[in-house]
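We're numbering straight along the sequence, starting at 1.
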Amino acid sequence: LVVEGLDFSCNYQDEDWPLGGSHDSAKVTTITGRRPRDLVDGLRTTGPSLDHVIAKALETRPFYFKPLGYPLNFTSISYDDAGEEIPFEYDLLESLRDWFGVGPAALKAEEQIDADSAVLTFLRADAGRLRSRLAGPERLKLDAHLDALHVLEQRLKRPVKADCAAPGLPQISLGDEGYLRTIMDFSLQLFNCGLTDCMTLNMDVGQTMPWIGLGDVQMHDDVAHQYRADDARRVRDLSKLQRWYSSQVEYLIQSLKSLPEGSGSAYDNTVILWASEFGDPGRHMQTHAPFIVAGGAGAHPKGRFLQLATSGEYTDTTHPHNHLLTSVANLFGLGLAGFGDSRFPGELSGFLG
């Protein structure tokens, strides 16, 4: 399901809000449906992102990965209930050790799992005693901490299947054409081993991507931000970049289709949301943003193109992307009246046919 014409309305509806065209505000808004808290807290918001809400509903530990992540520099798009950034993983080797216990961190024996469970039980009880003495904002932060503890408990209850092998050590480096597919292969093994039911992948793999066929140019500065709708060469350059990203999503789709699950495939039971933070990257326009909903799960009719608007200008902004976020959340049976900014309730018109 291709959806064109959605707007990040919460970022530019207020005249006193100057961050409507920034990367930071777009990153915060994309799957939270909320604007940043204020100019000082431009990388924090007031509520959770869609992936966090769905992972909680599924009682699974989500896999968050950003190839260009850096230590102590949280650049994720995911947020907890308090609107605080959830740090992404960024090192495949560390992820391999963490999720599968490969290397120095060997798979936990039964007695170690029992000990870890006892520690988590103590921490939850201790935090519960503290909660009643905290004011609203601090209580939200503590609730996010309690949610994290709950996710750890769920993970302990879902150890690696006895017959499920850990992926091999990654033999590819960031900046190579196959890096994203290596990450996807890793995440699919997490699905296959029953370690998670939810993942979020940021597909930014580098400034220079020579395999696109554009030479030694900067994808951010020379391609995305140089895009002009009336410049045929700039349109072609951005199309080549987007076509490559599309091929990566296609790889994920075909991989899920080849993974048996029940009477069909993992794809039959999956919802994929592919989002972008700008409709026009050359001008940082947060209108007319494209979204794709893929996967065989959900009651919505597949194989359609919903063209809601044809102009990227701020004068044509009648389709808040909150509506799509609400519709996707409700595919998981959440029954929400809205998602994100309360000014834009409701589901996406036409989503269910």
Side-chain angles (χ1 to χ4, degrees), residues 1-3 30-31 49-67 77-78 88-89 92 95-96 99-100 154-155 158 160-161 163-168 170 172 176-205 242-276 290-306 324-325 327-334 351-352:
L1 175 67
V2 180
V3 185
T30 302
I31 56 173
S49 52
L50 181 62
D51 50 358
H52 178 71
V53 171
I54 291 173
K56 284 179 61 179
L58 296 176
E59 294 194 327
T60 190
R61 177 196 177 191
F63 176 57
Y64 300 119
F65 200 93
K66 178 179 172 63
I77 60 171
S78 301
F88 272 27
E89 299 179 42
L92 266 182
S95 296
L96 183 64
W99 285 87
F100 289 94
Q154 294 301 315
R155 183 187 175 193
R158 299 175 62 179
V160 180
K161 295 177 183 176
D163 60 346
C164 188
I172 196 166
D176 293 336
E177 181 177 2
Y179 193 73
L180 269 181
R181 295 190 177 191
T182 301
I183 297 168
M184 291 177 184
D185 290 341
F186 180 88
S187 66
L188 288 166
Q189 192 66 346
L190 292 177
F191 284 169
N192 191 39
C193 292
L195 288 174
T196 187
D197 296 315
C198 181
M199 80 163 180
T200 300
L201 173 62
N202 190 314
M203 295 200 295
D204 187 7
V205 295
Q242 291 299 92
R243 179 181 291 272
W244 183 80
Y245 279 126
S246 298
S247 72
Q248 305 308 294
V249 177
E250 171 67 7
Y251 176 81
L252 177 64
I253 288 173
Q254 295 303 328
S255 297
L256 286 166
K257 287 183 176 180
S258 67
L259 188 63
E261 187 172 286
S263 59
S265 71
Y267 184 79
D268 299 327
N269 302 311
T270 298
V271 174
I272 300 170
L273 178 64
W274 182 17
S276 179
F291 286 80
I292 288 179
V293 182
H300 60 294
K302 317 298 193 297
R304 294 180 297 144
F305 175 34
L306 293 181
L324 177 62
L325 299 182
S327 294
V328 171
N330 288 340
L331 292 180
F332 293 83
L334 298 184
F351 184 78
L352 294 178

Taking all non-hydrogen atoms of both residues into account, name the closest pair between [X] and [Y] and its distance.
| X | Y | result |
| --- | --- | --- |
| Leu96 | Ala166 | CD1-CB, 4.5 Å |
| Thr196 | Cys198 | OG1-O, 3.0 Å |
| Leu324 | Val293 | CD1-CG2, 4.1 Å |
| Leu252 | Leu188 | CD1-CD2, 4.2 Å |
| Ala165 | Gln189 | O-NE2, 2.5 Å |
| Asp197 | Thr60 | N-OG1, 2.9 Å |

Would you compute the distance between atom [atom1] of [X] and atom [atom2] of [Y] and round it to the nearest 0.5 angstrom?
| X | Y | atom1 | atom2 | answer |
| --- | --- | --- | --- | --- |
| Trp99 | Ser187 | CH2 | OG | 10.5 Å |
| Tyr251 | Gln248 | OH | CD | 9.0 Å |
| Ile253 | Ile272 | CD1 | CD1 | 5.0 Å |
| Leu325 | Asn330 | CG | CG | 11.0 Å |
| Lys56 | Phe332 | NZ | CZ | 15.5 Å |
| Asn202 | Tyr64 | CG | OH | 13.5 Å |

Mind checking what makes side chain to side chain donor-acceptor pair (under 3.5 Å) contact with [X], not counting sequence neighbours?
| X | result |
| --- | --- |
| Asp51 | Ser49, Ser78, Thr200 |
| Thr182 | none |
| Asp176 | none |
| Thr30 | none |

Any idea how Phe63 and Phe186 line up, ring-wise: parallel (<30°), tilted (30 to 60°), or perpendicular (>60°)?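 The rings of Phe63 and Phe186 sit tilted, inter-plane angle from 30° to 60°.
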Test Leu92 against Ile172 for side chain to side chain contact (heavy atoms under 4.5 Å, CB included), laying out the working first. CA-CA 10 Å; Leu92 266 182; Ile172 196 166; 5.7 Å; no
Could you work out, with ring-ring contact (aromatic ring centres under 6.0 Å, His included) as the rule, every residue matching Trp244, not counting sequence neighbours?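 Result, ring-ring contact (aromatic ring centres under 6.0 Å, His included) vs Trp244: Trp211.
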Does Phe291 reach the side chain of Leu1, with side-chain heavy atoms less than 4.5 Å apart?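 Not touching, per the 4.5 Å side-chain cut-off.
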Do the non-hydrogen side-chain atoms of Thr270 and Phe191 ever get within less than 4.5 Å of each other?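 Counting from C-beta outward, Thr270 and Phe191 never come under 4.5 Å.
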Using the side-chain contact (heavy atoms from CB on, under 4.5 Å) criterion, which residues pair with [X]? Sequence neighbours excluded.
| X | result |
| --- | --- |
| Val53 | Pro48, Leu334, Phe339 |
| Arg243 | none |
| Leu201 | Phe65, Pro67, Leu180, Ile183, Met184, Met203 |

Run the side-chain donor-acceptor check on residues 296-304: report pairs under 3.5 Å with partners two or more places apart or on a different chain.
from: Lys302; atom 1: NZ; to: Gly298; atom 2: O; distance (Å): 2.9
from: Lys302; atom 1: NZ; to: His300; atom 2: O; distance (Å): 3.0
from: Arg304; atom 1: NE; to: Pro301; atom 2: O; distance (Å): 3.1
from: Arg304; atom 1: NH1; to: Gly350; atom 2: O; distance (Å): 2.8
from: Arg304; atom 1: NH2; to: Pro301; atom 2: O; distance (Å): 3.3
from: Arg304; atom 1: NH2; to: Gly350; atom 2: O; distance (Å): 3.4
from: Arg304; atom 1: NH2; to: Phe351; atom 2: O; distance (Å): 2.7

Under 3.5 Å, which donor-acceptor pairs link side chains of residues 257-265 to any protein atom two or more places apart or in another chain?
from: Ser258; atom 1: OG; to: Ser255; atom 2: O; distance (Å): 2.8
from: Glu261; atom 1: OE2; to: Asn269; atom 2: ND2; distance (Å): 2.8
from: Ser265; atom 1: OG; to: Tyr267; atom 2: N; distance (Å): 3.3
from: Ser265; atom 1: OG; to: Asp268; atom 2: OD2; distance (Å): 3.4

